[in-house]
> 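Can you read through this structure? Questions will come right after.
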Amino acid sequence: MTSISRRGFLVGATVVGGGLLMGYAATRPSRHQQANEQFGSPESPFLTTWLRIDQDNTVTIYVPHSEMGQGVLTSVPMMAADELDADWDLVNVEQAPVDDQFANGVLVKGFATSMGVTIPSFLNRMADYATLKAAQIMNMQITGGSSSVRFTGEIGMRTAGAAARQMLVESAAAQWGVPAAELETANSFVMHSGSGRRISYGELATTASQLEPPRAPVLKRPDQFTLMGRSIPRTDIPAKVDGTAQFGIDAQPENMLYAAVLNAPVFGATLAAVNNKAAIMQRRGIQAVVELEDAVAVVADNYWRASQAVQALDVSFAGTEYDQSTSDSIFAGYEVALDNEERHDDVVEGDADTALSDASNVITASYRVPYLAHAAMEPMNCTVHVTDNGIDVWTGTQDNLGIRGQVAGVAEVDENQVRVHACYLGGGFGRRLPTSTNTIEQATRIAMQFDVPVQTLWSREEDTRQDYYRPAVTSRFRASFDSNGNLNAWENIYIGKNEPAEAAHISYGVPNKNIRYVESPTHVPFGAWRSVAHSQHTFFLESFTDELAWQQQMDPLAFRLSLLADKPRHRRVLQEAADRAGWGQPLPEGRAQGIALQECFGSVVAQVAEISLRDDGSVKVEKVVCALDCGRVVHPDNAASQVESGIIYGLTAALYGQISIEDGKVKESNFHDYEMVRLSETPDIESILLESPGAPVGGLGEPATPPIAAAVSNAVFALTGQRIRELPLKRYQFLPTPQEDGARSA
Amino acid sequence: MIELTVNGETRRLDIESDMPLLWALRNELGLTGTKFGCGIAACGACTVQVNGNAMRSCVTPVSAVQGQSITTIEGLSAEGLTDVQQAWIEHQIPQCGYCQSGMIMAVSAHLDNNDSSSADETARAISNICRCGTYPRIKRAIASLQEQRRSGGVQQFDPAATPAQENNV
């Protein structure tokens with residue numbers, strides 16, 4: 001069976017919901033046997049695709065995800081090690097080889113089972129490299145969608161560990177001639193209490209690897225976990241405090257040159273002319289001026305020399321039809337589209353039109369948010385060495401197999417000719433998905449002109465101005481209450497449907513719902529930005545919900561709780577966050593609180609933000625309490641890290657985040673005009689992690705980001721009476737005004 | 001020729017006098033622990049110490065630091081992890097880790113030079129950007145370091161508390 005048809009079979013089976021649990025168990029030869037042929041040996045065999053056990057009793061767990069700060073090189077392997085009953089001190093963690101053999105089909109199954117058969121588009125490879133679509137989806141090692149623990153860990157790693165444990169037990173049982181049921185495992189040993197015998201996994205591994213992994217090994221009950229639920233020190237942290245961690249930018253292959261780049265400032269524009277090439281070539285260290293379709297690169301023996309030369313370039317780009325485009329013209333286009341374009345149904349239940357037309361009081365509001373860049377700390381870069389026997393690539397990416405395809409596509413070589421050397425990512429947030437960067441392809445094109453390695457490194461300005469952005473969105477609302485004061489109609493029309501599909505849906509019980517969208521494409525490239533469509537829609541939904549509460553002169557918490565009769569997990573996170581924050585209690589003078597709720601990526605999260613105003617009228621966020629129910633917590637300390645991280649990422653966007661379009665180009669360029677929250681503005685953050693026994697494990701990398709903008713904006717309203725319908729908050733200068741009726745925090 | 005003394009070692013480099021120290025360190029000396037973040041001294045990822053003071057190397061021309069004692073993250077830990085680095089592990093601070101070299105160099109210099117600054121003063125003094133938002137933990141680590149240094153106690157660091165495993169990333 002060829003690899004293509006093997007993958008095609010697997011995807012077909014998983015997407016239609018066939019009984020397949022682990023890809024490797026259902027194919028011949030099994031993936032672990034293939035892994036053994038390629039990467040293992042009789043002394044250090046693979047027992048499953050993700051697990052190798054050496055004769056010295058060390059276990060190596062291969063993680064098919066990228067470490068971009070989320071702790072995946074700890075949380076995911078500990079799930080396999082737990083099921084394996086491995087001694088954690090004898091566990092090595094490695095990033096899975098960038099090879100088809102280690103493609104992460106489990107991810108597809110995870111999304112397929114959790115979201116019907118909808119596979120998020122970021123899991124699709126770019127169409128340019130199309131072979132079979134099924135093969136594309138399979139052939140990936142993507143990190144995104146808050147999926148590592150809940151899918152790869154829960155479905156893949158635990159099964160891999162349990163399967164390997166069962167194979168080891170069976171081998172010991174055969175060797176000792178005793179029933180497998182009499183054997184126990186702990187700390188990388190199999191033991192037989194009846195005879196007092198014990199044998200290490202390392203001694204059993206070679207024999208065990210001859211067995212076929214069981215299709216459905218028995219997983220532990222939570223009360224049997226030995227590692228899951230513990231805050232094990234992260235495996236990647238020691239290298240990140242002494243400067244030895246290797247990021248993509250740190251690649252130093254011998255004889256490497258450096259390329260600095262000037263991209264066409266208007267998206268879609270092409271290079272017209274480089275007018276001073278000869279003068280540039282005269283500068284010290286300059287090796288070449290490389291003209292690309294939409295960019296110019298200067299290659300030198302030192303990055304600073306290359307970047308100085310780029311600044312000295314005299315370049316012209318061809319005009320485009322977007323050269324007059326501005327943020328204002330884009331938002332004006334949205335208004336036209338909302339008025340005139342065909343409306344597509346998102347959620348339509350009951351008859352909101354009638355309810356609204358019958359209502360005596362219709363509450364209306366229109367919200368909007370600007371474009372946002374990712375601003376990962378490590379500027380985009382990729383090092384490529386094109387040789388006669390293949391291409392070597394060093395970069396930090398959210399999909400190593402994905403970028404292998406990108407490089408192969410540009411260089412027109414077989415994917416197996418491309419060797420991707422995985423590096424740490426200096427921030428991901430969606431920016432380093434293959435669909436959200438053209439750096440990889442550009443670096444390949446530049447390096448194809450040389451026989452030495454070339455590192456293409458974008459300046460911060462290029463990184464900011466050539467991103468794939470969280471889209472600017474406008475969202476209009478209408479709502480009404482019946483004569484008994486019950487919310488009876490919710491209408492929402494917004495620009496541009498993205499993922500996750502449920503981002504504009506509401507958890508609240510409303511009998512008549514009319515949620516629709518219109519498309520209004522712009523020339524600004526779209527990219528998945530931490531939590532994708534949730535961060536903008538949660539700001540809209542939870543701000544407008546807050547408006548409705550105040551309209552009804554109800555406490556914003558009580559109003560929400562009253563609409564969540566059938567949502568116990570939602571009520572619980574709201575109540576926990578509110579209780580811990582002292583909601584409803586007297587606050588110090590000049591402070592107020594706001595609350596917001598969201599369910600996303602399998603988790604339910606509520607946040608209470610407490611704010612004050614600085615003397616200059618800007619918002620100071622004093623404290624954030626976050627209650628998050630992710631079903632089950634695998635690594636509590638890392639979970640808390642992700643909550644803190646998600647809140648600060650969302651807070652930066654709420655307070656400062658704004659990418660403006662002027663003359664078709666991005667105006668902002670660097671951290672002086674695309675500002676970030678820093679240490680002195682960091683609020684006290686209290687994270688409360690809740691479990692719901694029996695519920696699926698939820699994601700953690702993204703869910704804490706969406707609610708914060710609404711929580712802070714709702715607090716601003718409570719304090720000042722001013723409703724924030726457009727972000728960022730830096731647009732406004734607030735004067736505290738005493739509250740009238742309904743004020744909660746006087 | 002430019003003469004730079006980095007981590008106690010003096011090196012002569014045939015480079016331009018206006019080359020920023022960052023690129024001399026990274027591209028000429030191969031010291032990649034110091035990171036490029038913005039190029040305009042706005043983020044602090046490139047922070048090194050010059051004569052014990054934090055300095056943003058992306059805007060510091062090599063001519064300005066000739067003959068002075070430059071320390072990078074590689075040199076900070078030459079004789080075992082410092083109390084700051086240990087605190088970074090104890091508080092499990094780094095996420096992506098990219099900004100942390102600069103963060104550690106900045107915090108180390110600040111604590112060495114300001115033994116009585118308040119938590120607020122310290123927070124304002126450390127203007128480095130961390131996009132992963134590790135700030136809450138950095139605040140806690142700084143507070144514990146200040147307390148520890150005030151009490152004169154040496155933090156007990158147990159290497160066995162962290163897994164001694166390879167990270168072949």
Side-chain angles (χ1 to χ4, degrees), chain A residues 67-71 73 88-89 91-95 232-247 249-250 252 258 284 302-304 375-379 422-429 457 459-460 637 641 644-645 647-649 670-672 676-680 682 685, chain B residues 15-16 19-20 22-23 26-28 30-40 42-43 45 72-74 76-77 81 85 88-89 92-101 104 120 122-124 126-139 161-169:
Chain A
E67 181 58 79
M68 53 194 194
Q70 80 282 40
L73 293 184
W88 183 251
D89 290 339
V91 172
N92 299 310
V93 178
E94 289 190 18
Q95 180 119 29
I232 293 170
R234 274 175 55 161
T235 59
D236 58 324
I237 283 184
K240 291 176 176 177
V241 305
D242 65 7
T244 57
Q246 293 291 298
F247 297 85
I249 197 175
D250 300 328
Q252 289 185 300
Y258 300 87
R284 178 173 174 185
N302 177 296
Y303 178 72
W304 177 72
M377 286 307 298
E378 180 190 9
C423 304
Y424 281 124
L425 284 68
F429 316 120
L457 170 58
S459 64
R460 172 60 55 191
D637 186 60
S641 272
E644 294 159 9
S645 174
I647 288 169
I648 290 169
Y649 201 79
N670 205 319
F671 294 124
H672 66 287
M676 303 287 135
V677 164
R678 299 176 194 239
L679 199 63
S680 61
T682 299
I685 295 177
Chain B
I15 56 174
E16 300 86 326
M19 180 182 286
L22 172 66
W23 299 109
R26 288 187 59 86
N27 291 177
E28 305 296 323
L31 294 170
T32 56
T34 305
K35 302 304 187 200
F36 167 54
C38 68
I40 59 168
C43 78
T72 69
I73 187 75
E74 291 91 344
L76 189 72
S77 51
L81 296 181
Q85 289 169 306
W88 250 239
I89 293 173
Q92 294 281 292
I93 290 174
Q95 290 189 28
C96 91
Y98 191 78
C99 72
Q100 299 296 348
S101 292
I104 287 168
D120 279 354
T122 306
R124 277 197 299 277
I126 307 299
S127 59
N128 297 41
I129 294 173
C130 169
R131 279 296 271 159
C132 299
T134 60
Y135 305 125
R137 285 160 190 253
I138 291 173
K139 279 186 170 180
T162 58
Q165 52 203 358
E166 297 291 314
N167 276 306
N168 299 319
V169 170

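Worth knowing before you read on, the calculation uses all heavy atoms, side chains too, and leaves out hydrogens, waters and symmetry mates.
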> Among Gly69(A), Gly428(A), Gly243(A), which residue forms the greatest number of heavy-atom pairs with chain B at distances under 4.5 Å?
Gly69(A)
> Sort Ile93(B) into side chain, backbone, both or neither according to what part of it lies under 4.5 angstrom from a heavy atom of chain A.
backbone
> Looking just at side-chain N and O atoms, do Tyr649(A) and Arg131(B) make a donor-acceptor pair shorter than 3.5 Å?
yes
> Exactly one of Tyr303(A), Tyr258(A), Trp304(A) should register a side chain to side chain donor-acceptor pair (under 3.5 Å) with Asn27(B). Which one does?
Tyr258(A)
> To check you understand the geometry: which heavy-atom pair defines the closest contact between Pro94(B) and Lys240(A), and what is its length?
CB-CB, 3.8 Å
> So which residue, Ile138(B), Thr72(B), Ile129(B), Thr122(B), ends up with the most heavy-atom pairs under 4.5 Å with chain A?
Ile129(B)
> Do Ile40(B) and Arg460(A) come within less than 4.5 Å of each other through their side chains, counting heavy atoms only?
no
> Where do Cys132(B) and Ser645(A) come nearest, in terms of heavy atoms and distance?
O-OG, 2.6 Å
> If you count heavy-atom pairs within less than 4.5 Å of chain A, which of Cys38(B), Ser77(B), Cys99(B), Gly39(B) leads?
Cys38(B)
> Quick check: closest heavy atoms across Gln92(B) and Asp637(A), and the distance to 0.1 Å?
CB-OD2, 3.5 Å
> Would you say that Gln246(A) contacts Thr32(B) through its side chain, given a criterion of any heavy-atom pair below 4.5 Å between the two side chains?
yes
> From Gln95(B) CD over to Asp236(A) CG, what is the distance, rounded to the nearest 0.5 angstrom?
9.5 Å
> Side chain, backbone, both or neither: which part of Ala375(A) has an atom under 4.5 Å from a heavy atom of chain B?
both
> In terms of heavy-atom pairs under 4.5 Å with chain B, which of Gly71(A), Ala376(A), Gly426(A) leads?
Gly426(A)
> Select one option (side chain, backbone, both, neither) describing which atoms of Leu76(B) are under 4.5 Å from chain A's heavy atoms.
neither
> Please classify the contact of Thr134(B) with chain A as side chain, backbone, both or neither, using a heavy-atom distance under 4.5 Å.
neither
> Scan side-chain atoms only and decide if Asn302(A) and Glu28(B) contain a donor-acceptor pair under the 3.5 Å cut-off.
yes
> So which heavy atom on Tyr98(B) is nearest to which on Pro379(A), and how close?
OH-CD, 3.9 Å
> Looking at SG of Cys130(B) and CG of Leu679(A), how far apart are the two atoms once the value is rounded to the nearest 0.5 Å?
9.5 Å
> Would you mind checking which part of Leu425(A) comes under 4.5 Å of any heavy atom in chain B, side chain (CB onward), backbone (N, CA, C, O), both or neither?
backbone
> Compare every heavy atom of Ala45(B) with every heavy atom of Met377(A), then report the nearest pair and how far apart it is.
CE-CB, 4.4 Å
> If you measure from OG on Ser127(B) to CZ on Phe671(A), what distance do you get to the nearest 0.5 Å?
12.0 Å
> What are the two closest heavy atoms between Gly97(B) and Phe247(A), and how far apart are they?
C-CZ, 3.7 Å
> Distance from Glu644(A) atom CD to Tyr135(B) atom OH, nearest 0.5 Å?
13.0 Å
> For Ile647(A), is it the side chain, the backbone, both, or neither that has a heavy atom closer than 4.5 Å to a heavy atom of chain B?
neither
> Would you say the side chain of Arg678(A) lies within less than 4.5 Å of the side chain of Asn128(B), judging by non-hydrogen atoms?
no
> Taking every non-hydrogen pair under 4.5 Å, which of Leu457(A), Asp242(A), Val677(A), Val241(A) racks up the most with chain B?
Val241(A)
> Please rank Met68(A), Gln252(A), His672(A) by heavy-atom pairs under 4.5 Å with chain B and give me the top one.
Gln252(A)
> Out of curiosity, Thr244(A) OG1 to Glu74(B) CD, how far, rounded to the nearest 0.5 Å?
9.0 Å
> For chain A, which candidate among Lys139(B), Gln85(B), Arg137(B) shows the most heavy-atom pairs at distances under 4.5 Å?
Arg137(B)
> Do Pro136(B) and Thr682(A) touch side chain to side chain, with heavy atoms closer than 4.5 Å?
yes
> Sort Glu378(A) into side chain, backbone, both or neither according to what part of it lies under 4.5 angstrom from a heavy atom of chain B.
both
